[in-house]
Engineer: 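Structure in structure tokens, see below.
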Amino acid sequence: MEYSFTEIEKKWQDKWKAGQVYRVKNNSPKPKYYALDMFPYPSGIGLHVGHPLGYIASDIFARFKRLKGFNVLHPMGYDAFGLPAEQYALDHGVHPAESTRQNIKNFRDQLDRIGFCFDWSRQVNTAEPDFYKWTQWIFLQLFNSWYNRTEKKACPIESLAKHFETGGSSIVSAYRHQPEFSAADWKGFSEKKQQDILMEYRLAYCGIGEVNWCEALGTVLANDEVINGVSERGGYPVVKKKLRQWYLRITEYADRLLEGLEKVEFSEAMKEMQANWIGKSHGAEIDFEIAPHPDHLRKSTEGLSKLRVYTTRPDTIFGVDFMVVAPEHELVPSFTTAPQQPAVDEYLTYVKSRSERERIAEKKITGCFTGSYALNPFNGRRIPVWVSEYVLAGYGTGAIMAVPCSDERDYKFAQHFHIPVTNIIGAHYNGKEANPTKDALLEDSDFLNGLPMQDAIALVNARIESMGIGTTRVNYKMRDAAFSRQRYWGEPFPIVWKNGIACALDEEELPLLLPEVKEYKPGPDGEGPLANIPEWTSKHLETSTMPGYAGSSWYFLRYMDPHNTEEFCNRKASDYWGQVDLYIGGTEHAVGHLLYSRMWTKFLFDRGYIGFDEPFRKLLNQGMIQGSSRFVYRVSPAMFGHDTIAMNGIKDLPQIFISKGIITLLNKGDQLRKDGPSTAEMISEAIQEIKKEGPSQIEMIKDAIQIILSQKFPLFQLIENVEIEYQPLHVDVNLVDGVELNIGLFINSKEEFKSAYFILEDGTIWPKIGIENQLSSDDPVPDYFSKTLNFRKTFSPLEKLRSIYICGAETEKMSKSKFNTVNPNELVEKYGADTFRMYEMFLGPVEQSKPWDTKGIEGVHRFLRKLWRLFYDDSKGRLWTTETASHDELKVLHKTIKKIDEDTERLSFNTAVSAMMIAVNELGDLKCHKKEVLEKILILLTPYAPHICEELWHGLGNENTILDAIYPFAEQKYLLQSEKQYPVAINGKTRTELNISLDATQQQVEELVLSDQKVRKWLDGKSPKKVIYVKNKMINIVV
RNA sequence: GCCCAGAUGGCGGAAUUGGUAGACGCGCCAGACUCAAAAUCUGGUAUUCGCAAGGAUGUGCAGGUUCAAUUCCUGUUCUGGGCACCA
């Protein structure tokens, strides 16, 4: 009996499907476990091998937990709204719903082949009305809530209105409305005014924000779509534009999002990233008077008398050498003096064309003096006020006091514009770079002189407060989340505008369906495509749609109760399932999706809709699988001369490809030099060699090209004295084995490659032509080729020179255009789903990024066949027996149980797979075919390779499914050992090994060790200073 | 630029708490079986010196702490991810 995986996998997938074995109920006497994947965006490219990495991990864990007696929720769905579908619609006129449906079908088909244990009856799709109805509903709850800072929770907006009626704005602690108003004021306000005020308090509110505006495309662009200040599509100019936008007041949750990190099992790196994103800082806002200037009288002087800055280092106030305001700062126009006007205007125009990313990342220092001076409140010193793009309007007050001696960016700015630096930290400042220390004793700092900076902070804060020129302040780097998109393919806002007031639709009116459109072009004035629909605009419905992260902020709750038409999720269901116990997905969601979903969860908790306020108990970040692209190097037609090409037409150009090693050689090793010093050294030596003979070697390559041309392409000729030129072309990785090109596949892959010629790694030509044709295998290699061979040997002494074509390799993001995507379907067809699953796990730790490489998959496949052969022989049939297992066999079994159990539990799947291989190897060596042992091995393996295990399980005579087998436990008696082979080191270097009983005492060990022959030899008569004996680890003798 | 992570043989990786560096797999080499191939099996495989026994070196780079460092600390280089409208 052979292991015919195709048959077996089909058989069990069908049976499992028919038996609905993965259905899970919302009640069970078993403890619950919720294992969740970040659901995919169903892109048109389909699933590539990177996607299933996390899914396989969660699938293994879900199956593992089920075997261990849990009621496991393991669902899957689609995050179906998104830009690519809309872009596809724009380009091809296909409705996003249609292309998305297609893509989902394709995804589902691909997923099914891998044999996941998803409960598909719970599938969600964020773009389906029965799902987004509830996204809209939750949005309305946010819209109808405000954040009560006293109670530290979200409360209904009606309660806020009541507060205003009774006590005005000052009795609530909340996001603060300016200016304050009394209860009487409130009652006197018009409805519009009241609503405008309430809007500012809502957790989902409408405001004005800046967007990347591309006039030519008539649309708003994501930062992602802007490259070097122009649109990615078309390369049109992009400027900032102010637009009305919806926001989520996530900043009100900043502290709770920060504190919540202590309650969850995220990696420290992840917590740090989130904490940095939230960016809580303690500092002070300080007012600086602006020195009067004749120009100021000319302009409106309102608000001009002072400039408010935010600083985390008030202690450095005597080191302020200049002020910087953001280009968008509202006071820039009034600060600018007449002589500086042209320069400032020019600068502002420049900044307007810059994306925020560029502004922060650019190493180039830019800025412009406004002409105004601020006055240091403590000593009246005149401080020039500059405007620069490195200060962002959205953070703090949009203005900073620059202290070049203690801040790196301020220092570089001062250097660049020749602003003198005041040193207030004495020897801590070396005059060459800023020192952000907090430990220095302050100098030249008036009343702070001699104080440690650390202590001065409080003193300055007290002083500014008593002077009434400032206040301490907690600030967050995090900004409110922009929640609207000027796009079509997203959830419509359930909002109607009546006389400029945003009104919520009634719950009965949900879902507000996304209407059909004829075109997906943007609407007028930066509005979305919905603004092009008269029936929509005539109802005064909001024309923006919600962003991609709306649906993904709560989808994990919907899985708990996916078909509920009355509620987004019944409280009983969410109480039963509770938090996601294990959430698996990529780090790229570290600060987006994970923060938003955490906020939504906290909000729903505040309003009593769910009973927990952190969605994910434990997070595992899977690494990104990168594509490893392969290149072939085509001799550039330019070498044959443009005239010749024009004469012969472009179609039938000779296709000549040069192998990588020779290309490297032509590059004089530049590429390989990067590989590391040892290789680099080696290469540089080789280069020296090559240089001696270099020109003639290059001539040889040219000769080879000339031979091909003259014999096969007589119309072409090499230009005299031409340099060798070549073009790297991406070659489909599926045509390459490792780095060796499969020439046969390659030439058949494209019409133009049919008559290609290859100069191979050893310098020979394929197909064989010219002089080689006249040689029999016994003839000596002609001089020309032997020279080439020698020359290649000096270049790369480690490599075997062979007659093969070696491709160039580079690691890049997987993408269709780079031909480096690998479709799991092909691998599943060739090796089976079980092999594919195990191979993805065997690649390395789940959380580690790595380039994809298929070449090791054979090993895993071999392992499964080896396992099969413990049960059946290909010709003899059944091997397994019901004999009683020996002690050695049981030792292997129980050691393996312990290892697999522990490794799976700690999500170390790659080492579990290798432990499995060791077990099968050892059982093979022991010729163990005993059911008693094999049956338990199958249970250990079934989470990883469910199909083969189910088949063999039934082969052993079991009637029930292995899915619900009882997980074996490791018995101590087979694991205990009485002695251990200790490594014995002398001065830290291992010199020998000794078998010593595990319960030996220090003294016994010392005696044993020191009497050992080898040890004595190494001691060489000297007496040891110390013998270190670490039980169960090692022994070290210090001489 | 800022934040986070990573770097170990020809390759993917192992070493869970500072304690034998290179488990397991790929590749490669040699052998067995075979008319041959595939499949399978056996042995070898970090580098270097050595016939061998054995020695030296070795976890990106430069230092440090320690009886002992892939692991901890300082600095540094390179690669990957994120940086707010891609998902």
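First the proteins, then the strands, lettered A, B, ... as listed; each starts at 1.
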Engineer: Taking N and O atoms by type only, does the side chain of A:Glu272 place a donor or acceptor under 3.5 Å from a partner on the base of B:rC3?
Structural biologist: no
Engineer: Across the strands shown, which category fits A:Leu221 at heavy-atom distances under 4.0 angstrom: base, sugar-phosphate, nothing?
Structural biologist: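 Sugar-phosphate only.
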Engineer: Tell me what A:Gln981 touches on the nucleic acid: a base, only sugar-phosphate, or nothing, going by heavy atoms under 4.0 Å.
Structural biologist: base
Engineer: Between B:rC86, B:rC85, B:rC41, which one does the side chain of A:Arg869 approach most closely?
Structural biologist: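 Comparing B:rC86, B:rC85, B:rC41 against the side chain of A:Arg869, the answer is B:rC41.
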Engineer: Find the partner of B:rC83: check Watson-Crick (N1-N3 plus N6-O4 or O6-N4) and G-U wobble (N1-O2, O6-N3) distances, both under 3.5 Å, and reply none if neither fits.
Structural biologist: B:rG1
Engineer: Can you confirm if the aromatic rings of A:Tyr247 and A:Phe483 lie within a centre distance of less than 6.0 Å?
Structural biologist: no
Engineer: Reading nucleotides 74-84 of chain B from the 5' end, what letters show protein touch, with B for base, S for backbone sugar-phosphate only, - for no heavy atom under 4.0 Å?
Structural biologist: ------SSSBB
Engineer: Over all strands shown, is A:Arg906 touching base, sugar-phosphate only, or nothing at heavy-atom distances under 4.0 angstrom?
Structural biologist: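 Base, at least one base heavy atom under 4.0 Å.
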Engineer: Using atom P in both nucleotides, what's the gap between B:rA62 and B:rG80 to the nearest angstrom?
Structural biologist: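 Approximately 23 Å lies between the P atom of B:rA62 and that of B:rG80.
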Engineer: If you check every side-chain atom of A:Ala222, which of B:rA15, B:rC85, B:rC26 has the closest atom?
Structural biologist: B:rC85
Engineer: At under 4.0 Å between heavy atoms, how does the protein contact nucleotides 62-69 of chain B? Give one character per nucleotide, 5' to 3', with B, S or -.
Structural biologist: -----BS-
Engineer: NA contact type, A:Glu905, heavy-atom cut-off 4.0 Å: base, sugar-phosphate, or nothing?
Structural biologist: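 Nothing: the residue A:Glu905, judged by heavy atoms under 4.0 Å, touches no strand.
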Engineer: When you measure only distances, ignoring hydrogens and angles, does the side chain of A:Gln87 come within 3.5 Å of the base of B:rC86 through a donor and an acceptor?
Structural biologist: no
Engineer: What distance, rounded to whole Å, do you find between the two P atoms, one in B:rU71 and one in B:rU17?
Structural biologist: 14 Å
Engineer: What's A:Lys1025 touching, base or sugar-phosphate or nothing? Going by heavy atoms closer than 4.0 Å.
Structural biologist: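 Counting heavy atoms under 4.0 Å across all strands, no contact is made by A:Lys1025.
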Engineer: Compute whether any side-chain donor of one residue and acceptor of the other, for A:Asn276 and A:Lys477, lie under 3.5 angstrom apart.
Structural biologist: no
Engineer: Partners of A:His48 by ring pair (Phe, Tyr, Trp, His ring centres under 6.0 Å), sequence neighbours excluded?
Structural biologist: A:His51
Engineer: Taking only the P atom of each, what is the distance from B:rA21 to B:rU57 in whole angstrom?
Structural biologist: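 Per the computed distance, 13 Å lies between those P atoms.
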Engineer: Need the pair for B:rU34. Rule: Watson-Crick or G-U wobble, both distances under 3.5 Å, any strand; none if unpaired.
Structural biologist: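 The answer is none; no pair meets the criterion.
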Engineer: Pick the C1' atom in B:rU74 and in B:rG12, then give their distance to the nearest Å.
Structural biologist: 32 Å
Engineer: Counting only Watson-Crick or G-U wobble pairs whose two distances fall under 3.5 Å, which nucleotide matches B:rC78?
Structural biologist: B:rG6
Engineer: Quick one: on RNA chain B, does A:Asn910 or A:Asp925 contact a more 5' nucleotide (nearest heavy atom)?
Structural biologist: A:Asn910
Engineer: Would you indicate what A:Val913 reaches in the nucleic acid, counting non-hydrogen atoms under 4.0 angstrom: base, sugar-phosphate, or nothing?
Structural biologist: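 Touches nothing.
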Engineer: So, A:Thr366 versus A:Tyr390: side-chain donor-acceptor pair below 3.5 Å or not?
Structural biologist: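 Looking only at side-chain atoms, A:Tyr390 and A:Thr366 do not form any donor-acceptor pair under 3.5 Å.
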Engineer: If you look at every strand shown and take non-hydrogen atoms under 4.0 Å, does A:Asn212 touch a base, only sugar-phosphate, or nothing?
Structural biologist: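 Nothing, no heavy atom under 4.0 Å.
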Engineer: Determine the Euclidean distance between corresponding P atoms of B:rC61 and B:rC24; express it in Å to zero decimal places.
Structural biologist: 26 Å
Engineer: Between the side chains of A:Asp79 and A:Ser552, is a donor N or O closer than 3.5 angstrom to an acceptor N or O?
Structural biologist: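 Checked: A:Asp79/A:Ser552 side chains show no N/O donor-acceptor pair below 3.5 Å.
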Engineer: Does A:Lys899 get its side chain close enough to the base of B:rU16, under 3.5 Å, for a donor-acceptor pair?
Structural biologist: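 When only heavy-atom distances are counted, A:Lys899 does reach the base of B:rU16 through a donor-acceptor pair under 3.5 Å.
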Engineer: Hey, does A:Pro845 reach any base, or is it just sugar-phosphate, or nothing, if we go heavy atoms under 4.0 Å?
Structural biologist: sugar-phosphate
Engineer: Choosing from B:rC4, B:rG55, B:rA14, which nucleotide comes nearest the side chain of A:Arg991?
Structural biologist: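 Per side-chain heavy atoms of A:Arg991, the pick is B:rG55.
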Engineer: With the 90 degree cut-off around zero defining syn, does B:rG9 come out syn or anti?
Structural biologist: syn
Engineer: For residues A:Tyr982 and A:Tyr1029, establish whether the separation of their ring centroids is below 6.0 Å.
Structural biologist: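 Yes.
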Engineer: Can you tell which of B:rU20, B:rU16, B:rA5 lies closest to the side chain of A:Thr990?
Structural biologist: B:rU20
Engineer: Once you apply a heavy-atom cut-off of 4.0 Å, does A:Glu993 come out as touching a base, just sugar-phosphate, or nothing?
Structural biologist: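 Result for A:Glu993 = base.
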Engineer: Considering only atom P, compute the distance from B:rU66 to B:rU76 and round it to an integer number of Å.
Structural biologist: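 Those two atoms are separated by 24 Å.
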Engineer: Would you confirm whether A:Lys850, through its side chain, and A:Gln848, through its main-chain N or O, come within 3.5 Å as a donor-acceptor pair?
Structural biologist: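 Yes, the answer is positive, given that a donor and an acceptor are paired below the 3.5 Å cut-off.
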Engineer: Scan side-chain atoms only and decide if A:Glu2 and A:Tyr872 contain a donor-acceptor pair under the 3.5 Å cut-off.
Structural biologist: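 No - no donor-acceptor pair under 3.5 Å links their side chains.
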Engineer: Can you classify the ring geometry of A:Tyr555 versus A:His593 as parallel (below 30°), tilted (30 to 60°) or perpendicular (above 60°)?
Structural biologist: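 The arrangement is tilted - the two ring planes meet at 30° to 60°.
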Engineer: Between B:rU57, B:rA87, B:rG12, which nucleotide gets closest to the side-chain atoms of A:Phe842?
Structural biologist: B:rG12
Engineer: Tell which nucleotide pairs with B:rA39, taking only Watson-Crick or G-U wobble pairs whose two distances are both under 3.5 angstrom.
Structural biologist: none
Engineer: Which nucleotide, in any strand shown, forms a Watson-Crick or G-U wobble pair with B:rC24, with both distances under 3.5 Å?
Structural biologist: B:rG12
Engineer: Taking pairing as Watson-Crick or G-U wobble with both contacts under 3.5 Å, can you name the mate of B:rA68, or confirm there isn't one?
Structural biologist: none
Engineer: A:Gly54 and A:Gln622: which non-hydrogen atoms are nearest, and at how many Å?
Structural biologist: CA-OE1, 3.5 Å
Engineer: With a 6.0 Å cut-off on ring centres, are A:Phe863 and A:Phe842 close enough?
Structural biologist: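 Judged by ring-centre distance (under 6.0 Å), A:Phe863 and A:Phe842 do not meet the cut-off.
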Engineer: Which one, B:rU16, B:rC85, B:rC24, comes nearest to the side chain of A:Ile918?
Structural biologist: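 For A:Ile918, the side-chain atoms sit closest to B:rC24.
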Engineer: By nearest atom, which of the nucleotides B:rG12, B:rC85, B:rC4 is closest to the A:Asn276 side chain?
Structural biologist: B:rC4
Engineer: Between B:rA69 and B:rG82, how far apart are the two C1' atoms, rounded to whole Å?
Structural biologist: 32 Å
Engineer: Can you confirm if the aromatic rings of A:Tyr596 and A:Tyr549 lie within a centre distance of less than 6.0 Å?
Structural biologist: yes
Engineer: Name the closest nucleotide to the A:Met917 side chain, picking from B:rU20, B:rC24, B:rG12.
Structural biologist: B:rC24
Engineer: Report the base-pairing partner of B:rA46 (Watson-Crick or G-U wobble, both distances below 3.5 angstrom), or none.
Structural biologist: B:rU57
Engineer: Counting any heavy atom closer than 4.0 Å, what does A:Ser267 reach on the DNA or RNA strands: base, sugar-phosphate only, or nothing?
Structural biologist: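 No contact.
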Engineer: Give me the one residue out of A:Val860, A:Asp834, A:Leu827, A:Val913 that meets side-chain contact (heavy atoms from CB on, under 4.5 Å) with A:Tyr839.
Structural biologist: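 Single side-chain contact (heavy atoms from CB on, under 4.5 Å) partner of A:Tyr839 among A:Val860, A:Asp834, A:Leu827, A:Val913: A:Val860.
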Engineer: Quantified in whole Å, what is the P atom distance between nucleotide B:rU16 and nucleotide B:rG6?
Structural biologist: 15 Å
